[in-house]
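So the structure is just underneath, and the comments pick up after that.
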Amino acid sequence: MLSPKKVKWRRQHRDGFKGVAYRGSTISFGDYALAAMAPGRVTARQLEASRIAISRSVKRGGQLWMRVYPDRPITKKPAEVRMGSGKGAPELWVANVLPGRILFEINGVTRQQAEDAFRLAQHKLPIRTKFLSRE
């Protein structure tokens, strides 16, 4: 799974989801893109499942860019543990996503192939997304 090699702090505060994405909201690399429509957290497993669905759909053709990276740790305490005694250990990595943020871009495929691939990827993600094209 995707995770940072090194982090400054092992446990982070949970961050808010205010506003819309200013950075990463325009198509920069490919011709077609999948953009988030709602705020939320996307886990490393969900991103990897989406990436695999896209690459299998286009038969490993074209070029794919993943524009978000899961760099925030989410901590959990074990089941049936009493309150107190500090914060739990990091359990998974997530990417905080704001509305308008582009998640994936693809190039070198037809529009129909890109739409089909991104439709499969949408089912793997916990947030609403939309298909964008450069035209």
Side-chain angles (χ1 to χ4, degrees):
M1 291 299 115
L2 294 170
S3 65
K5 287 187 181 78
K6 182 181 168 188
V7 288
K8 190 168 185 180
W9 306 109
R10 196 162 159 255
R11 302 175 178 119
Q12 287 184 13
H13 289 223
R14 289 191 296 268
D15 211 10
F17 296 102
K18 289 186 183 145
V20 295
Y22 175 70
R23 297 179 53 181
S25 59
T26 58
I27 299 177
S28 302
F29 304 104
D31 290 334
Y32 308 104
L34 187 69
M37 292 288 292
R41 288 193 179 117
V42 183
T43 68
R45 286 178 178 272
Q46 290 162 345
L47 285 171
E48 183 67 10
S50 301
R51 186 192 65 77
I52 289 169
I54 293 168
S55 65
R56 283 187 180 161
S57 174
V58 297
K59 308 279 195 293
R60 289 168 178 70
Q63 189 171 3
L64 179 69
W65 290 270
M66 191 186 301
R67 297 281 308 270
V68 292
Y69 190 81
D71 58 350
R72 299 189 63 85
I74 298 295
T75 61
K76 286 188 180 166
K77 295 186 86 167
E80 300 180 10
V81 170
R82 292 184 177 185
M83 300 293 275
S85 71
K87 192 170 182 172
E91 187 80 13
L92 64 143
W93 295 88
V94 300
N96 281 359
V97 175
L98 291 174
R101 179 71 193 225
I102 290 187
L103 305 173
F104 296 98
E105 290 188 33
I106 197 167
N107 196 9
V109 296
T110 64
R111 183 185 177 93
Q112 188 60 44
Q113 282 179 313
E115 282 181 1
D116 292 342
F118 285 149
R119 185 179 40 76
L120 291 172
Q122 284 175 338
H123 294 300
K124 313 286 185 196
L125 297 170
I127 54 176
R128 282 184 33 245
T129 57
K130 70 176 176 181
F131 178 81
L132 299 175
S133 65
R134 202 181 272 277
E135 295 98 48

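Contact check on E48 versus R51 returns a salt bridge, with a Lys/Arg side-chain nitrogen under 4.0 Å from an Asp/Glu carboxylate oxygen.
Scanning all heavy atoms of the two residues, the minimum distance from V58 to A117 falls at CG1-CB, 4.0 Å. Here the closest heavy-atom approach between residue P70 and residue A44 is recorded as CG-CB, 3.7 Å. Considering every non-hydrogen atom in both P39 and I127, the closest pair reads O-CG2, 3.9 Å. Considering every non-hydrogen atom in both P73 and P90, the closest pair reads CB-CB, 4.3 Å.
Put simply, OG on S28 and CD1 on I102 are 6.5 Å apart, with the number rounded to the nearest 0.5 Å. For the atom pair CZ of R101 and OG1 of T26, the computed distance is 10.0 Å after rounding to the nearest 0.5 Å. Note: L2 CG to Y69 OH = 5.0 Å, rounded to the nearest 0.5 Å. Of the inter-residue distances, the one linking T129 atom OG1 with F104 atom CZ reads 10.0 Å to the nearest 0.5 angstrom.
Residues I52 and K124 have side chains not in contact (no heavy-atom distance under 4.5 Å, counting atoms from C-beta outward). Side-chain atoms of L92 and M1, non-hydrogen and from C-beta on, never get closer than 4.5 Å to each other. Residues R67 and F29 form a side-chain contact, since some pair of their non-hydrogen atoms from C-beta on lies under 4.5 Å apart. Contact check for E91 versus I74: no side-chain heavy atoms found under the 4.5 Å cut-off. Taking 4.5 Å as the limit, some side-chain heavy atom of N107 sits within range of a side-chain heavy atom of W65. You'll find the side chain of V97 stays beyond 4.5 Å of the side chain of R41, heavy atoms only.
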In a table with atom names and distances, give each donor-acceptor pair under 3.5 Å that connects a side chain of residues 3-21 to protein atoms at least two apart or in another chain.
{"unit_1": "R11", "atom_1": "NE", "unit_2": "G88", "atom_2": "O", "d": "2.9"}
{"unit_1": "Q12", "atom_1": "OE1", "unit_2": "R72", "atom_2": "NH1", "d": "3.1"}
{"unit_1": "Q12", "atom_1": "OE1", "unit_2": "R72", "atom_2": "NH2", "d": "3.4"}

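Every side-chain contact (heavy atoms from CB on, under 4.5 Å) that S133 has, sequence neighbours left out, goes to Y32, R111, F131, E135. The side-chain hydrogen bond (donor to acceptor under 3.5 Å, both in side chains) check on D116 picks up Q112, with sequence neighbours excluded.
Few gaps surround NZ on K77; more than 12 heavy atoms of other groups in view lie less than 6.0 Å from it. Counted within 6.0 Å of NZ on K87, heavy atoms from surrounding residues, nucleotides or ligands total more than 12; the atom is thus considered enclosed.
Tracing side-chain contacts under 4.5 Å through hydrophobic residues (I, L, V, M, F, W, Y), one reaches V42 starting from L64; they form part of the same cluster. In terms of hydrophobic clustering, with Ile, Leu, Val, Met, Phe, Trp and Tyr side chains grouped at heavy-atom distances under 4.5 Å, L125 and I54 are assigned to a common cluster. Linking Ile, Leu, Val, Met, Phe, Trp and Tyr whenever their side-chain heavy atoms come within less than 4.5 Å leaves L120 and L47 in two separate clusters. No path of Ile, Leu, Val, Met, Phe, Trp and Tyr side chains, each step under 4.5 Å between heavy atoms, connects L132 with I106, placing them in separate hydrophobic clusters. Note on V94 and V68: separate hydrophobic clusters, where clusters join Ile, Leu, Val, Met, Phe, Trp and Tyr whose side-chain heavy atoms are under 4.5 Å apart, directly or indirectly.
Between the side chain of S57 and the main chain of A53, no donor-acceptor pair closer than 3.5 Å is present.
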